[in-house]
Amino acid sequence: MTVRTRVAPSPTGDPHVGTAYIALFNLAFARQHGGQFILRIEDTDQARSTPESEQAIMDSMRWLGLEWDEGPDVGGEHGPYRQSERRDVYLEHVQKLLDSGHAFKCYRTAAELDALRLTRQEQGSLMALKPSDLLLPADEVARREAAGEPYVVRMKVPEEGVCVVNDMLRGAIELDWAQVDAQILLKSDGMPTYHLANVVDDHLMKITHVIRGEEWINSAPKHKLLYEYFGWDMPHLCHMPLLRNPDKSKLSKRKNPTSILFYDRMGYMPEALLNYLGRMGWSMPDEREKFTRDDMFAHFDIKRVSLGGPVFDVEKLRWLNSLWVRELDAETFAQRFAAWGLRPQNILSIIPHVQPRIETFSDVVPLAGHFLSGLTPLTAASFEHKAYDEERLLTVLQFGLWQLEEIRHWNKEDIEARLFAMARLLDIKVRDFLFPFFIAIAGTSATISVLDSMALLGPDMSRARLRHAIDVLGGVGKKKAKKMEKDYQQLSAAIAAELSAAAES
């Protein structure tokens with residue numbers, strides 16, 4: 001048997017360090033056994049998936065040294081490797097489940113589902129919705145079908161009993177069927193959910209070992225049942241511990257930079273970041289902290305993974321990166337620094353904004369130095385402005401950050417449209433409105449357009465600098481955040497209406 005592992009990220013945002021973490025362990029396991037590693041793009045969420053995000057995933061993984069044997073860009077005998085290109089495959093397998101009676105068309109409306117869940121809550125029942133709850137009388141199904149009403153396809157699941165799932169790290173895990181819902185397999189738009197596509201693709205791509213995050217443990221019974229329904233052997237499962245923030249909560253961008261691109265922009269060495277991810281819940285036999293990718297592959301043993309939640313500590317990463325940087329000889333350091341800071345594509349994109357504003361080359365760094373720095377050095381005093389008190393300043397920056405997090409295609413036009421609409425709705429002059437964004441992004445207002453700066457810096461660094469600015473100003477506590485979110489929903493809806501109206505005109 002040839003060992004085959006995979007990583008299957010969704011191209012719906014910045015490439016996440018958690019994706020790289022799972023990819024690394026899948027690649028290490030495959031290389032340890034002389035096997036193959038596959039990249040599959042899970043882009044069934046057509047509303048949020050973007051080509052830019054897919055390319056960023058591939059670029060960031062290659063930057064880290066994570067290379068795949070089969071994938072959307074390199075091909076392979078088991079393609080296509082984008083789920084959006086495999087729709088006919090999923091429809092064929094859904095029909096098999098319908099024909100065998102292991103799945104059913106569910107015509108329940110959203111209102112009916114809400115009512116069923118409310119009844120469950122009132123009864124104090126923790127049981128998930130089952131086929132017996134969801135199935136309608138045959139004549140009603142026929143009526144809705146004849147009327148062309150939308151439906152989803154759901155799988156049939158047991159209403160009681162225990163499902164035993166074997167895990168490479170945890171052994172036998174018992175999960176109560178009462179907590180497993182009649183999972184949707186095919187959405188009303190004809191696209192599969194993760195659960196169906198994941199099982200079908202893993203089988204057809206001959207995946208032998210599924211190494212994924214522990215958040216998927218509760219879904220394992222559904223996947224095991226689907227393998228049984230199709231009459232297929234299930235791959236070996238290994239659920240890795242989740243990366244954690246220093247406070248032990250699940251790693252999230254609200255508390256820690258999670259974009260791989262952020263660490264590239266910050267000037268971390270890819271070898272150091274990969275080294276750090278390799279230490280997340282695993283250790284070398286000799287316990288040394290600094291090791292190369294190939295060192296890890298040579299000594300890798302999945303049994304050495306600890307189930308304790310590994311803490312992703314940026315300060316620890318900075319320390320480890322310093323070891324890598326300081327071991328470079330002067331010539332290599334110069335080459336690596338130039339490759340990072342003076343990338344032709346970056347320099348060429350900055351020049352048109354800088355050149356008309358300077359008189360000598362020495363004017364460049366004061367004007368554009370923020371393109372070559374990490375998080376901007378700031379103090380609360382940096383934000384002093386006649387138009388703002390402390391509360392309004394935090395509100396504008398937080399609302400602005402949330403608006404920027406909603407952008408799917410990062411460009412100056414979208415940034416400007418959202419921020420300018422926000423300024424109008426908050427009744428703040430655009431010049432005054434943009435001031436705190438200038439400070440957060442560049443540390444000064446005496447520079448090129450902040451909209452251009454954000455477009456050039458990219459979403460990962462721009463958002464990280466805004467989060468940093470909010471933290472410098474004291475941050476937004478849970479109580480304040482809850483009130484802000486309520487106010488923001490109204491503002492966001494108004495902005496969305498403005499943008500929609502502008503797009504139609």
Side-chain angles (χ1 to χ4, degrees), residues 1-11 19-44 54 57-58 61-62 66-97 100 102-103 155 165-169 183 185-186 191-214 216-217 219-240 297 300-303 305:
M1 176 187 71
T2 299
V3 167
R4 286 172 61 84
T5 64
R6 51 79 170 168
V7 67
S10 298
T19 298
Y21 161 67
I22 294 298
L24 172 60
F25 280 81
N26 274 280
L27 179 59
F29 187 85
R31 294 295 181 258
Q32 178 202 19
H33 293 281
Q36 296 156 349
F37 172 61
I38 292 87
L39 171 65
R40 186 170 72 224
I41 300 296
E42 302 207 338
D43 58 348
T44 56
E54 178 184 316
I57 288 169
M58 293 191 286
M61 286 180 61
R62 283 211 169 92
L66 299 170
E67 298 188 350
W68 44 97
D69 302 294
E70 299 173 25
D73 58 336
V74 298
E77 61 181 294
H78 301 287
Y81 295 92
R82 292 184 186 89
Q83 289 187 333
S84 60
E85 299 171 2
R86 299 173 62 83
R87 184 170 177 172
D88 290 345
V89 175
Y90 306 130
L91 292 176
E92 175 190 341
H93 285 82
V94 165
Q95 191 59 51
K96 287 181 180 179
L97 293 174
S100 63
H102 294 312
M155 69 184 293
V165 175
N166 291 313
D167 183 273
M168 294 169 65
L169 297 177
Q183 176 65 49
L185 301 177
L186 194 73
M191 291 298 288
T193 60
Y194 165 86
H195 303 278
L196 175 78
N198 161 69
V199 167
V200 171
D201 288 348
D202 282 348
H203 174 73
L204 295 181
M205 294 181 185
K206 303 186 184 303
I207 301 302
T208 61
H209 296 76
V210 173
I211 303 172
R212 60 189 181 187
E214 64 186 356
W216 295 109
I217 288 176
S219 296
K222 303 173 189 178
H223 301 165
K224 182 178 181 181
L225 194 57
L226 283 173
Y227 278 100
E228 292 175 3
Y229 285 165
F230 286 122
W232 300 335
D233 291 333
M234 187 175 185
H236 299 283
L237 297 183
C238 179
H239 292 95
M240 297 288 292
F297 292 175
F300 188 73
D301 181 356
I302 197 74
K303 298 295 184 183
V305 172

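The model shown is predicted, which means the values in this text are computed figures rather than measured ones. We're numbering straight along the sequence, starting at 1.
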For [Y], does its backbone N or O pair with a side-chain atom of [X] as donor and acceptor, under 3.5 Å?
X      : Y      : answer
Glu85  : Pro80  : no
Lys303 : Met168 : yes
Thr2   : Gly35  : no
Arg4   : Met205 : yes
Asp43  : Ser84  : yes

Output, in order, the C-alpha distance, side-chain angles, deciding distance and verdict of side-chain contact (heavy atoms from CB on, under 4.5 Å) for Tyr194 and Gln183. CA-CA 10 Å; Tyr194 165 86; Gln183 176 65 49; over 6 Å; no
Between [X] and [Y], what is the shortest heavy-atom contact and its length?
X      : Y      : answer
Pro9   : Thr19  : CB-CG2, 3.8 Å
Ala197 : Gln83  : CB-NE2, 3.2 Å
Glu54  : Pro11  : N-CB, 3.6 Å
Val3   : Thr208 : CA-OG1, 3.4 Å
Asp69  : Val74  : O-CG2, 3.9 Å
His239 : Leu169 : O-CD1, 3.8 Å

Could you check if a side-chain atom of [X] sits within less than 4.5 angstrom of a side-chain atom of [Y], using non-hydrogen atoms only?
X      : Y      : result
Val165 : Ile217 : no
Phe37  : Val7   : yes
Asp202 : Met234 : no
Phe297 : Leu27  : yes
Ile57  : Met61  : yes
His102 : Met155 : no
Thr193 : Thr44  : no

Partner of Arg6 under side-chain hydrogen bond (donor to acceptor under 3.5 Å, both in side chains), chosen from Asn26, Asn198, Asp201: Asn198
Within the 6.0 Å centroid threshold, strictly below: [X] and [Y]:
X      : Y      : value
Tyr81  : Trp68  : no
Phe230 : His203 : no
Phe29  : His33  : yes

List the residues meeting side chain to side chain contact (heavy atoms under 4.5 Å, CB included) with Leu204, not counting sequence neighbours, and say none if there are none. Arg86, Val89, His93, Val200
Test: Arg62 and Asp73 ion pair at under 4.0 Å: yes
Provide the full list of salt bridge (charged side-chain N to carboxylate O under 4.0 Å, His left out) pairs with a residue in residues 228-237, sequence neighbours left out, each pair given once.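 Qualifying pairs: none.
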